[in-house]
There are 2 protein chains.
Amino acid sequence: MKQQRARLRDVAEAAGTSTKTASRVINGDDRVSAETRARVEKAVIDLGYRPDPLARSLRRGLDETIGVVVDEVGDPFFASVIGEIERMAIDRDVSVIIASTRRREERERIVLDGLYQRRVAGLIIASISDNHAYLRNSSCPLVFIDRAAEDLAADAVVVDDRGGARMAVEHLMRHGHRRIAYIGDRLSTATARHRLLGYRDAIEGAGIVPDESLVAQVEPAKGDAGVAAEALLRLPEPPTAIFSANTRCSLGTLPTLHRLRRTDIGFISFGDFAMADTLTPAITIVDHSPEAIGRLAAERLFSRLAGEEPPVETILAPLRIVARGSGELAAVGKP
Amino acid sequence: MKQQRARLRDVAEAAGTSTKTASRVINGDDRVSAETRARVEKAVIDLGYRPDPLARSLRRGLDETIGVVVDEVGDPFFASVIGEIERMAIDRDVSVIIASTRRREERERIVLDGLYQRRVAGLIIASISDNHAYLRNSSCPLVFIDRAAEDLAADAVVVDDRGGARMAVEHLMRHGHRRIAYIGDRLSTATARHRLLGYRDAIEGAGIVPDESLVAQVEPAKGDAGVAAEALLRLPEPPTAIFSANTRCSLGTLPTLHRLRRTDIGFISFGDFAMADTLTPAITIVDHSPEAIGRLAAERLFSRLAGEEPPVETILAPLRIVARGSGELAAVGKP
DNA sequence: CGAGACGAGGTAATCGATGTCACAGCAGTG
DNA sequence: CACTGCTGTGACATCGATTACCTCGTCTCG
């Protein structure tokens, strides 16, 4: 049944014009008489014509497609980011090609190369590389997410790690906590560094004497976080609250708190996770919404694709505290 | 620095041949003398030539791209499926375009239409529609995931919902449970129906008299699951274990069990979720690995793209029980 | 009244790779 | 020796849409 795909030529023929004129109508060129336009439009509808994106892209030298490069497509955080990008893209009839680097620099290079080869119109990248020299004269707009490219003047959408951490710790303080522990990643990444700085900002900003024994830097993949939490609670002067600097640390710490029946400890997690709102108490988080990051990155990219040329900018995705209980527990057992 | 992209014509010129001959070398046509071949190959390397995928696709009438259509790209389950598909695709130099239906039938139609328009080489679809007539003479191979298309002879990769549910319930029985409750979705989907059947299979297979008061069909989005769990535990003869037929029901039920301090109740969840292995006790699950589903679907699709024509088949992705504790609790409080 | 501007539209080249077909040269064959 | 049959090769058309450039009226204005 499905008839042969109609081509521009068929439309032109049906409308009794040349392909060029048909093309004008389709591309909204106004140098066409109303009458001709109507004929062409009718033909388009009659034949169910839709331009071949491949042919169009070839001629224009640019595909109606954007590429999204992330660590791992299956990572829930990036999955949500991508989901939001796709949501914005589909409204603009743009396809989204995904690729993952698996956190390997050479793969990053390969997938980007492949995307350039395809002449994508734009790229959104969670880069793991430090060296972006090969992107310097990119033929298409780039937007970095999660981490800005420090050696490249390009748009980026990141979160205010330092400010967010400070905000979280201050939230705990507002509920009476003064001894607040930090559990976070080892300092390998900029993200971790900034969050620890934010924690220190809050402590010092409140005039509290910093106590380094309250700062635990762990390897969350090894399950250190729970051990660290237990050690913290055994201190002579234990914390009344814990700030967990990332999701994985939270996932490690919380089972320990439950097991020790210390759900009276104040707790805030930088980063949300499934079940966070179904635990008892539900876990208060600093939300760095992947959707917001995806949306902001896509907005910026599409605005450049539309020809706008805003100054290059590093955009901070909004952070907000989602109070669910664990961060609003009053400080107890104060000596 | 980045010189102009080399075209086939440039290669041909550098090698002193026609474009056609260069094309032959690149496409591995053997009707080329060894000497000419060597010259062309050298030129390809010197110029860093790589064929333009767009032009090639246009000529061939087929893009080196596959489309993946799911409910929601951001859904962790589908994200993992897609991640695995992308992993397989990149090895074959195939790009992956994603699109989501947001569970709306008209969107399914629209995104599929768009992908056809792009002339994707193949499609992997988690269809939500019941009517696939418009896919009947698809121009490219289709593989359904998660749900088979019942009105269409097409490959599908699904899980054995009935068998998996039975397996889960039998696992509980092996730990002494005889009164086992079912908490699951309302019966709108085939998936839910099959899982309830599996539960009944196990109960009857064990010679237990079915007790309908142990079967709770809820609307998990409304938070019914927790309420249902509480009601079950208040029964005169309460269950000693619960089989939760899907992830969302588990997410609803578990906080209730924890709140009631009834973590002694046996529990198995059909479908994994974050924190499942960090709760106390950790949650035993029936794992329907999204990676396996993605891999199987991609394998099937690529084998068809490679020209193989295996008979159309509905493939069952493997299911396995991941014992973590909650499913291995011995039955207690037996009257 | 002639010139230039402008509106509406057409012709042919082009994007880059590949399919069709023709052709030259040489080997084998009856 | 004429003929068929390969082998290696290239010229040219083609995929479908867009762009550069041109034509032909008609309108306006000096």
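Predicted model only: the values in this text are computed from it and were never measured. In what follows, every chain begins at residue 1, and chains take the letters A, B, ... in the order their sequences are listed.
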* In whole angstrom, what separates B:Leu8's CG from D:dA11's P? -> 13 Å
* Expressed in angstrom and rounded to an integer, what is the separation of B:Asp52 atom CG from C:dT14 atom C1'? -> 14 Å
* Hey, does A:Thr17 reach any base, or is it just sugar-phosphate, or nothing, if we go heavy atoms under 4.0 Å? -> sugar-phosphate
* Structure fact -> B:Leu54 CG to D:dG16 P, in whole Å, measures 15 Å
* **Nucleotide D:dG16, atom P - distance to CG of A:Leu58 in whole Å** => 12 Å
* Structure fact -> The residue, B:Gly16 or B:Arg60, whose nearest nucleotide of DNA chain D is more 5′ is B:Gly16
* Taking OP1 and OP2 of C:dT14, is either one under 4.0 Å from a side-chain nitrogen or oxygen of A:Arg59? -> no
* Asked: Is the distance from OP1 or OP2 of C:dA17 to the nearest side-chain N or O of B:Tyr49 less than 4.0 Å?
  -> yes
* Asked: Is the closest side-chain donor-acceptor distance between B:Ser100 and B:Glu72 under 3.5 Å?
  -> no
* CG of B:Leu62 versus C1' of D:dG16: gap in Å, rounded? -> 16 Å
* **A:Thr65 and A:Arg119 side chains, donor-acceptor separation under 3.5 Å** => no
* Between the base of D:dG16 and the side chain of B:Arg119, is there a donor-acceptor distance below 3.5 Å? -> no
* Asked: Are B:Asn27 and C:dA17 close enough that a side-chain N or O sits under 4.0 Å from OP1 or OP2?
  -> no
* To do: Take atom CG of B:Asp10 and atom P of C:dC15, then tell me their distance rounded to the nearest Å.
  => 11 Å
* Assess the side chains of A:Thr101 and A:Arg103: does a donor N or O sit below 3.5 Å from an acceptor N or O? => no
* **Selection: residues 31-38 of chain A, any non-hydrogen atom under 4.0 Å of DNA chain C** => A:Arg31, A:Val32, A:Ser33, A:Thr36
* Is it true that B:Glu84 and B:Arg87 make a salt bridge, defined as a side-chain N closer than 4.0 Å to a carboxylate O? -> yes
* To do: Consider the side chain of B:Thr21, meaning its heavy atoms from C-beta on, and name the nucleotide among D:dT18, C:dA17, D:dG10 that approaches it most closely.
  => D:dG10
* Polar contact flag, side-chain donor to acceptor under 3.5 angstrom, A:Ser127-A:Glu108 -> yes
* Over-ring placement of A:Arg7 relative to A:Tyr49, 6.0 Å and 45° cut-offs -> no
* Asked: Are any of B:Arg56's side-chain N or O atoms less than 4.0 Å away from OP1 or OP2 of C:dT18?
  -> yes
* Structure fact -> Rounded to whole Å, the CZ-C1' distance (A:Arg7 to D:dT18) equals 16 Å
* **Charged N-O contact under 4.0 Å between B:Arg24 and B:Asp30** => no
* D:dA17 phosphate, OP1 or OP2: any side-chain N/O from A:Thr19 under 4.0 angstrom? -> no
* Asked: Atom CZ of A:Arg39 to atom P of C:dG10: distance rounded to whole Å?
  -> 9 Å
